[in-house]
Protein chains: 2
Amino acid sequence: MQDHFVHVQCGDCPIRHRAVCARCDTDELAELEQIKYYRSFQAGQTIIWSGDRMDFVGSVVSGIASLTQTMEDGRRQMVGLLLPSDFVGRPGRSTAAFDVTATTDVVMCCFRKKPFETLIAETPHVAQRLLEMTLDELDAAREWMLLLGRKTAREKIASLISIIARREAALHKKKASGNLSVDLPLTREEMADYLGLTLETVSRQISALKKDGVITLEGNRHVSIPDIDRLLEEAGDDTDGGLPV
Amino acid sequence: MQDHFVHVQCGDCPIRHRAVCARCDTDELAELEQIKYYRSFQAGQTIIWSGDRMDFVGSVVSGIASLTQTMEDGRRQMVGLLLPSDFVGRPGRSTAAFDVTATTDVVMCCFRKKPFETLIAETPHVAQRLLEMTLDELDAAREWMLLLGRKTAREKIASLISIIARREAALHKKKASGNLSVDLPLTREEMADYLGLTLETVSRQISALKKDGVITLEGNRHVSIPDIDRLLEEAGDDTDGGLPV
DNA sequence: CGGTTTATTGACGATGCTCAACTTTCGTGG
DNA sequence: CCACGAAAGTTGAGCATCGTCAATAAACCG
């Protein structure tokens, strides 16, 4: 794993068309190419500690990372799930506001913060794309606030599964028809931290959805969805709309 | 109210140094001046309906607006509180994702979306400032996710009051020392919608904080805080850190 | 195959919600 | 200026949901 990404040409990068560099032309890409470097993290490893000095920013190339916040007494809330192409860090701020942890093995495409800041000041395409991505994340965070503040445990679980399913469908570009099935990239505890629940409640509600035929489980992580509309109904979302991302 | 803002010169604008135009030089300001117009809204009036076509963006000049999301069965969650200088709308998206409502009488400085989009493509200072503001809002939204997902009702109320108090202190640039007091800009129901509680629970917890001497009430809206550190402790935040905004 | 991590399930209790009565505040018109 | 009615807020009783603690089961990994 470690060495697979020692140097990938930007043109061949799997996240080329979705990441912060999506809008760059050949010249801009060449500039990025010069200052980028790859870093790998093992599952469970902390990428950045909240409050730490951040001397780099970057994109998730592969794997999943999570953004979490922890209270003094140990209560924890996940505030973002970082997927391939998502951006980590914030130009203009020197310390991290949240913990970033590798949920699976993660490869990141990093830029030292200073050169990157110079670059976004000079290449509008990077700044424009970053603004667009940040606005999308803000919308997603606000959608999540509805879930955290108002949804029941059952609705929270159904929402999480349907979001993962939607993402899966979007990635493989197949319409969400017929028998959809997905792998949960999170443990029960991580789901609990994401949904503002305890892991016991997560487990119970997954069992309940299974018992009611809304989902089927194969192993602990693999979920089949016989009827996606039924799941969306359970999630309590408007039938038409839904979460962006 | 209505006519106070028929035409204010940008140079004299009360939010000049905090809004999306904060970094603009004289020339850029002149451009903005040409395409801006003011709109007033009465307390309770809806500024934008979720799903509606948005043909303008703009800044809150005075008053308070709220960003809310409502489920089919009526459950409601406030996902943002818009204060003077906050930006409304999103370049690059044609329909609104949330309801925007005037909580008090509100005056907005508006720009038609198309000209504004052209402008941010050409004047980097506006785009830069907008990115900065969006990143701040994202951080604030994520802090709020911790509150919604993990804090107790009592902690939620204490957090809300301390945030309003901090903002008050920041605005008047007086250190948060001595006997601080603030006006709550929200009804109990609006607080409930913001905090993910019912209005009854909000009322009960305010009464409890009063009984325990953490706050004092004068009327329904005016809160005095004899000991701000005590309040912050009740809010469950790290003593040092705290919410940006 | 054994040990560790992860997940499930149960019993019980606490926190916050629902429904309802009542009080206070505020704005309006007599 | 007071009185009235509506809106906003408070308080209580009972209950549902979800959290806590604990025991057990399943999955995963050398």
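Note that this is a predicted model, so its numbers are computed, not measured. Proteins get letters first, then strands, A, B, ... in listed order; numbering begins at 1 in each.
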Chemist: Between NZ of A/Lys156 and CG of A/Leu147, what distance do you get to the nearest 0.5 Å?
Modeler: 6.0 Å
Chemist: In this structure, how many angstroms lie between the P atom of C/dT15 and the CZ atom of A/Arg75, rounded?
Modeler: 12 Å
Chemist: It should be established whether A/Thr201 places a side-chain nitrogen or oxygen under 4.0 Å from OP1 or OP2 of nucleotide D/dG19.
Modeler: yes
Chemist: Could you tell me how far apart B/Asp73 (CG) and C/dT18 (C1') are, to the nearest whole angstrom?
Modeler: 14 Å
Chemist: Nearest to the B/Ser203 side chain among D/dT10, D/dC18, C/dG16, which nucleotide is it?
Modeler: D/dT10
Chemist: State whether the distance check finds a donor on one side and an acceptor on the other, under 3.5 Å, for side chain A/Glu200 versus base D/dC18.
Modeler: no
Chemist: Taking only Lys NZ, Arg NE, NH1 and NH2, and the carboxylate oxygens of Asp or Glu, determine whether B/Arg230 and B/Glu234 approach each other closer than 4.0 Å.
Modeler: yes
Chemist: With a 4.0 Å cut-off on heavy atoms, is B/Leu197 in touch with a base, just the backbone sugar-phosphate, or nothing at all?
Modeler: sugar-phosphate
Chemist: I'd like to know if B/Arg204 reaches the base of D/dG12 with its side chain, counting only an N/O donor and acceptor under 3.5 Å.
Modeler: yes
Chemist: Return the value, rounded to whole Å, for the distance between atom CD of B/Glu218 and atom P of C/dT24.
Modeler: 18 Å
Chemist: Considering heavy-atom distances to DNA chain C, does A/Asn220 or B/Gln205 have its closest nucleotide positioned more toward the 5' end?
Modeler: A/Asn220
Chemist: Counting neighbours of CZ on B/Arg76 that are heavy atoms of other residues, nucleotides or ligands and sit closer than 6.0 Å, is the number greater than 12?
Modeler: no
Chemist: So, OP1 or OP2 of C/dT9: does either fall under 4.0 Å of a side-chain N or O from A/Ser207?
Modeler: yes
Chemist: Take atom CD of A/Glu155 and atom C1' of D/dT17, then tell me their distance rounded to the nearest Å.
Modeler: 12 Å
Chemist: Mind calculating the distance between CD (A/Glu189) and P (C/dA7) to the nearest angstrom?
Modeler: 9 Å
Chemist: When the nearest nucleotide of DNA chain D is assigned to A/Arg221 and to B/Arg150 on a heavy-atom basis, which residue is associated with the more 5' position?
Modeler: B/Arg150
Chemist: For A/Leu199 and D/dA26, what is the distance between atoms CG and C1' respectively, to the nearest whole Å?
Modeler: 15 Å
Chemist: Name the atoms and distances for all side-chain donor-acceptor pairs under 3.5 Å in residues 211-218 of chain B, with sequence neighbours left out.
Modeler:
unit_1	atom_1	unit_2	atom_2	d
B/Asp212	OD2	B/Arg154	NH1	3.0
B/Asp212	OD2	B/Arg154	NH2	2.8
B/Glu218	OE2	B/Ser224	OG	3.1

Chemist: Roughly how many Å is it from CD1 in A/Ile206 to P in D/dA26, rounded to a whole number?
Modeler: 17 Å
Chemist: Would you say A/Arg150 has more than 12 foreign heavy atoms packed within less than 6.0 Å of its CZ?
Modeler: yes
Chemist: To the nearest Å, give me how far apart CD1 (A/Ile157) and P (D/dT17) are.
Modeler: 16 Å
